[in-house]
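Structure record follows, encoded as structure tokens.
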Amino acid sequence: MRTIFILILSATIFLQQTNAQGCVAIKSTGASFMLSHPEESSKGSWQFNSSARYFKSFRHFSGTEENKDRLKLGTEVINHQASLDLSLTRFFNDRWS
């Protein structure tokens, strides 16, 4: 635990520049955080949630400038992301699930 703390502290102190990931596709929607209101769920009940999302990315940027030449030349990278979130929640009472 102490070693991990020292590594994180060292990385934070000595990092001079950070860079973004580049292409950031849409993250999943987090179905488990979309629970019913406690008053709507009865003690001992179950709730099933599902959500799906599809994302396609083909545009390229250098900073704020779009590189439209890549699309014209056919050298663009096309990213596809499909996600499916499933959750099953058990309600113990109106405060715990």
Supply the atom-to-atom distance Arg59 CZ to Ile78 CD1, rounded to the nearest 0.5 angstrom. 13.5 Å
Has Ile4 got more than 12 heavy atoms of other residues, nucleotides or ligands less than 6.0 Å from its CD1? no
Going through the checks in order, is the side chain to side chain contact (heavy atoms under 4.5 Å, CB included) test met by Phe91 and Gln47? CA-CA 8 Å; Phe91 291 95; Gln47 181 177 8; 3.2 Å; yes
Please step through side chain to side chain contact (heavy atoms under 4.5 Å, CB included) for the pair Arg53 and Leu84, ending with a clear verdict. CA-CA 7 Å; Arg53 176 167 278 190; Leu84 175 65; over 6 Å; no
Let's go through Leu88 and Trp46 carefully: what are the C-alpha distance in whole Å and the side-chain angles of both, what is the deciding distance for side chain to side chain contact (heavy atoms under 4.5 Å, CB included) to 0.1 Å, and is it a yes or a no? CA-CA 7 Å; Leu88 183 64; Trp46 292 88; 3.7 Å; yes
Val77, Phe55: one ILVMFWY side-chain cluster at the under-4.5 Å cut-off? no
Compare every heavy atom of Leu71 with every heavy atom of Glu76, then report the nearest pair and how far apart it is. OE1-CA, 3.8 Å
Give a yes or no on whether Phe48 atom CZ has more than 12 heavy-atom contacts from other residues, nucleotides or ligands under 6.0 Å away. yes
How long is the span from the CG atom in Asn79 to the CZ atom in Phe58, to the nearest 0.5 Å? 11.5 Å
So, taking the atom named OG in Ser50 and the one named CG in Leu86, what distance separates them when rounded to the nearest 0.5 Å? 6.5 Å
Measuring from Ser57:OG to His80:NE2, what's the distance to the nearest 0.5 Å? 9.5 Å
